[in-house]
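As structure tokens, the structure follows; a few thoughts come after it.
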Protein chains: 2
Amino acid sequence: MSPLTESTFFILLSLVPGAQHGYAIMQQVAQLSDERVTLSTGTLYTALKRLLDDGWIEQVEEPDAPRGRKTYRLTPSGRTAVHEETARLVSLSELARRRLEGAQ
Amino acid sequence: MSPLTESTFFILLSLVPGAQHGYAIMQQVAQLSDERVTLSTGTLYTALKRLLDDGWIEQVEEPDAPRGRKTYRLTPSGRTAVHEETARLVSLSELARRRLEGAQ
DNA sequence: TAACGACATGTCGCCAATCGACATATGGAG
DNA sequence: CTCCATATGTCGATTGGCGACATGTCGTTA
């Protein structure tokens, strides 16, 4: 399992509490990251396509959805991936802190 | 300041305690990451070149160095970058944990 | 009513970085 | 002498992000 890119990780993170559509994901990522990560539409929609292909997200059928809005939710595999990536980030940041503090 | 790739971050981390040459960096990254990250030579030497260009590492002149060995050390900018990236990882991993635990 | 900005999805081409494969050369051990 | 660890490097393919462009709706307001 290779490390996720920051964009991909934020997209998955924004879907953790529940399903959302693309544009809302974009806004939430900006909010979550305190405006530090602002996804371009190019990044967002190609990432969503890739995540669908990988089976990490799936489209939710919503009959009452306005216009051409498409809503996505995490699959179990996607949720596992978020957990694994979070574990990687935690161990990596702890390793880095130890190194910077001088303790091997 | 965009996020560093995992490879680049590990290379910089391995130089935190002191100067090293390329091959030793490769071995230390493998050891630091518990064999999870094994840099190919392609990744290593192109990354070192890039880091030199960016002024994050510099070559150390060693008259007693055996063969064509080249030793590198962190510059002040490079050290700053490691600190900033570590801070980013810490805040990101904390954000992720909060999200997964359901709080916000 | 016309214009504007927010909402909403999508494609395209460029660029940056990783990876595996290949190339080259030295030193030491068996 | 052959093999392996040491040591540096290039090249081409692939992946992913980004900015620009394209298209269309909806609500507000001048």
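In what follows, every chain begins at residue 1, and chains take the letters A, B, ... in the order their sequences are listed.
In this model, no donor atom of one side chain and acceptor atom of the other lie less than 3.5 Å apart for A:Ser77 and A:Thr80.
A close approach under 4.0 Å does not occur between any side-chain nitrogen or oxygen of A:Thr46 and OP1 or OP2 of D:dG16. In this model, the phosphate group of C:dC15 is not approached by any side-chain N or O of B:Arg50 to a distance below 4.0 Å at OP1 or OP2.
Residue A:Ser7 has its side chain nearest to D:dC18 when only C:dT18, D:dC18, D:dT10 are considered. Taking only side-chain atoms of A:His21, from C-beta outward, the nucleotide of D:dT6, C:dA17, C:dA8 with the closest atom is C:dA8. In the set D:dG17, C:dA8, D:dA7, the nucleotide with an atom closest to the side chain of B:Arg69 is D:dA7. Set against D:dT8, C:dC19, C:dT9, the side chain of B:Ser40 has C:dC19 as its closest nucleotide. Checked against C:dT18, C:dG10, D:dA5, the side chain of A:Tyr45 finds its nearest nucleotide in C:dG10. Closest to the side chain of A:Lys70, from the set D:dG9, C:dT18, C:dG10, is C:dG10. Closest to the A:Ala47 side chain, of the nucleotides C:dA17, D:dG17, C:dT9, is D:dG17.
Rounded to an integer number of Å, the gap from CG of B:Leu39 to P of D:dA7 is 16 Å. As a whole-Å value, the separation of A:Lys49 NZ from C:dG10 P is 10 Å. If you take CD of B:Glu6 and C1' of C:dA16, they are 17 Å apart, rounded to a whole angstrom. Rounded to whole angstrom, the span from the CG atom of B:Leu4 across to the P atom of C:dA17 amounts to 10 Å. Rounded to whole angstrom, the span from the CG atom of B:Asp54 across to the C1' atom of C:dA17 amounts to 12 Å. Atom CD of B:Gln20 and atom C1' of D:dA7 are 14 Å apart (whole Å). Taking atom CD1 of residue B:Ile25 and atom P of nucleotide D:dA7, one finds them 12 Å apart after rounding to whole Å. One can place CE of A:Met26 at 9 Å from P of C:dC7, the figure rounded to the nearest angstrom.
At the heavy-atom level, B:Thr5 lies under 4.0 Å from the strands shown only through sugar-phosphate atoms. If you check every strand for non-hydrogen atoms under 4.0 Å, A:Thr8 touches sugar and phosphate atoms only.
At least one donor-acceptor pair closer than 3.5 Å links the side chain of A:Thr86 to the backbone N or O of A:Val82. Although no hydrogens or angles enter the test, the distance criterion places no donor-acceptor pair under 3.5 Å between the side chain of B:Thr38 and the main chain of B:Glu35.
Contact of B:Thr41 with D:dG9 (side chain to base): a donor-acceptor pair of N or O atoms is detected under 3.5 Å.
For residues 72-82 of chain A, the pairs satisfying salt bridge (charged side-chain N to carboxylate O under 4.0 Å, His left out) are A:Glu58-A:Arg73, with sequence neighbours left out.
Heavy-atom distances to DNA chain D give each of B:Gly42 and B:Gln27 a nearest nucleotide, and the one nearer the 5′ end belongs to B:Gln27.
In plain terms, the two heavy atoms of B:Thr75 and B:Gly55 that are nearest each other are OG1-O, 2.6 Å.
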Without placing hydrogens or testing angles, list every side-chain donor-acceptor pair under 3.5 Å for residues 3-16 of chain B, not counting sequence neighbours.
unit_1	atom_1	unit_2	atom_2	d
B:Thr5	OG1	B:Thr8	N	3.3
B:Thr5	OG1	B:Thr8	OG1	2.8
B:Glu6	OE2	A:Arg88	NH1	2.4
B:Glu6	OE2	B:Arg36	NH2	2.7
B:Thr8	OG1	B:Arg50	NH1	3.4
B:Ser14	OG	B:Ile11	O	3.0

